[in-house]
Amino acid sequence: MADLFDRQGGATVFTKINLKTSYWHVRIVEGDEYKATYMIRYVSYNFLVMPLSLTNAPATFCTLMNQVIREYIDEFIVVYLDDIVVYSKTLEEYLEHLRKVLA
């Protein structure tokens with residue numbers, strides 16, 4: 001955590017984007033759905049998308065986010081589990097960073 005805060009030195013504008021519900025958009029590899037099966041009284045359910053409670057789901061999601069926005073990591077973005085922090089020194093720089101990310 002200290003390393004993450006060190007990267008943001010001098011920044012005055014921050015935005016935290018919480019991606020907690022985005023876990024539900026990551027597809028489980030076809031053929032591995034049985035690994036996320038759960039049963040209730042008379043029925044079994046197979047997840048097709050990654051549930052938050054699945055082992056290694058947070059690490060898998062964090063790795064995915066790092067791959068998607070890798071060109072901006074440590075420049076003006078930090079990813080930690082299900083949060084993305086966009087940081088900048090000025091408001092003008094911040095708006096430019098958001099344009100890059102959202103483009």
Side-chain angles (χ1 to χ4, degrees):
M1 284 297 290
D3 186 41
L4 296 177
F5 289 118
D6 289 342
R7 294 178 193 157
Q8 300 171 11
T12 59
V13 183
F14 298 88
T15 295
K16 182 185 93 145
I17 303 167
N18 188 332
L19 300 173
K20 184 176 182 178
T21 58
S22 296
Y23 281 92
W24 295 99
H25 297 279
V26 179
R27 177 77 161 83
I28 293 177
V29 174
E30 194 169 329
D32 284 350
E33 295 91 350
Y34 72 93
K35 295 177 183 177
T37 299
Y38 70 97
M39 293 190 66
I40 57 174
R41 193 167 176 114
Y42 300 109
V43 181
S44 67
Y45 292 96
N46 292 332
F47 276 100
L48 299 179
V49 294
M50 186 171 54
L52 180 61
S53 60
L54 190 63
T55 301
N56 292 329
T60 301
F61 185 75
C62 190
T63 300
L64 174 64
M65 289 297 95
N66 279 310
Q67 290 173 353
V68 169
I69 56 177
R70 71 179 163 270
E71 63 186 290
Y72 305 123
I73 297 292
D74 297 335
E75 185 181 328
F76 59 87
I77 289 183
V78 172
V79 177
Y80 182 73
L81 296 178
D82 66 341
D83 295 319
I84 294 176
V85 178
V86 180
Y87 56 93
S88 306
K89 293 183 180 182
T90 65
L91 183 58
E92 293 77 23
E93 186 180 59
Y94 170 75
L95 294 174
E96 184 60 34
H97 290 164
L98 285 183
R99 281 188 203 96
K100 287 181 182 180
V101 172
L102 298 175

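Worth knowing before you read on, the calculation uses all heavy atoms, side chains too, and leaves out hydrogens, waters and symmetry mates.
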Problem - Same apolar cluster (I L V M F W Y, side chains within < 4.5 Å links), Tyr34/Val26 - result: no

Completion exercise
When every non-hydrogen atom of Leu19 is compared with those of Asp83, the smallest separation belongs to N-OD1, 4.5 Å

Practice task
Dump the intermediate steps for ring-ring contact (aromatic ring centres under 6.0 Å, His included) on Tyr94 and Phe76, then the final yes or no.
Solution key: CA-CA 9 Å; Tyr94 170 75; Phe76 59 87; 9.4 Å; no

Exercise for the section: Looking only at non-hydrogen atoms, find the nearest pair between Ile28 and Met50 and report the distance. Expected result: CG1-N, 3.9 Å

Problem - With Thr63 via side-chain contact (heavy atoms from CB on, under 4.5 Å) - residues at least two apart - result: Gln67

Exercise for the section: To the nearest 0.5 angstrom, please state how far the NE2 atom of His25 sits from the CG atom of Leu64. Expected result: 12.0 Å

Problem - Counterpart residues, side-chain contact (heavy atoms from CB on, under 4.5 Å), relative to Val43 (two or more places apart) - result: Ile40, Tyr45

Completion exercise
Note: His97 and Ser88 closest approach over all heavy atoms is ND1-OG, 2.7 Å

Problem - Pair Glu33 + Arg27, salt bridge at N-O below 4.0 Å - result: yes

Practice task
Please round to the nearest 0.5 Å and tell me the distance separating atom CG of Asn46 and atom CG of Asp32.
Solution key: 11.5 Å

Practice task
For the residue pair Tyr87 and Phe14, categorise the inter-ring angle as parallel (less than 30°), tilted (30 to 60°) or perpendicular (more than 60°).
Solution key: tilted

Practice task
Please list, chain by chain and in numerical order, all residues satisfying side-chain contact (heavy atoms from CB on, under 4.5 Å) with Glu96, sequence neighbours excluded.
Solution key: Arg99, Lys100

Practice task
Check Val13 against Leu91 and note the closest heavy-atom contact, atom names and distance.
Solution key: CG2-N, 4.0 Å

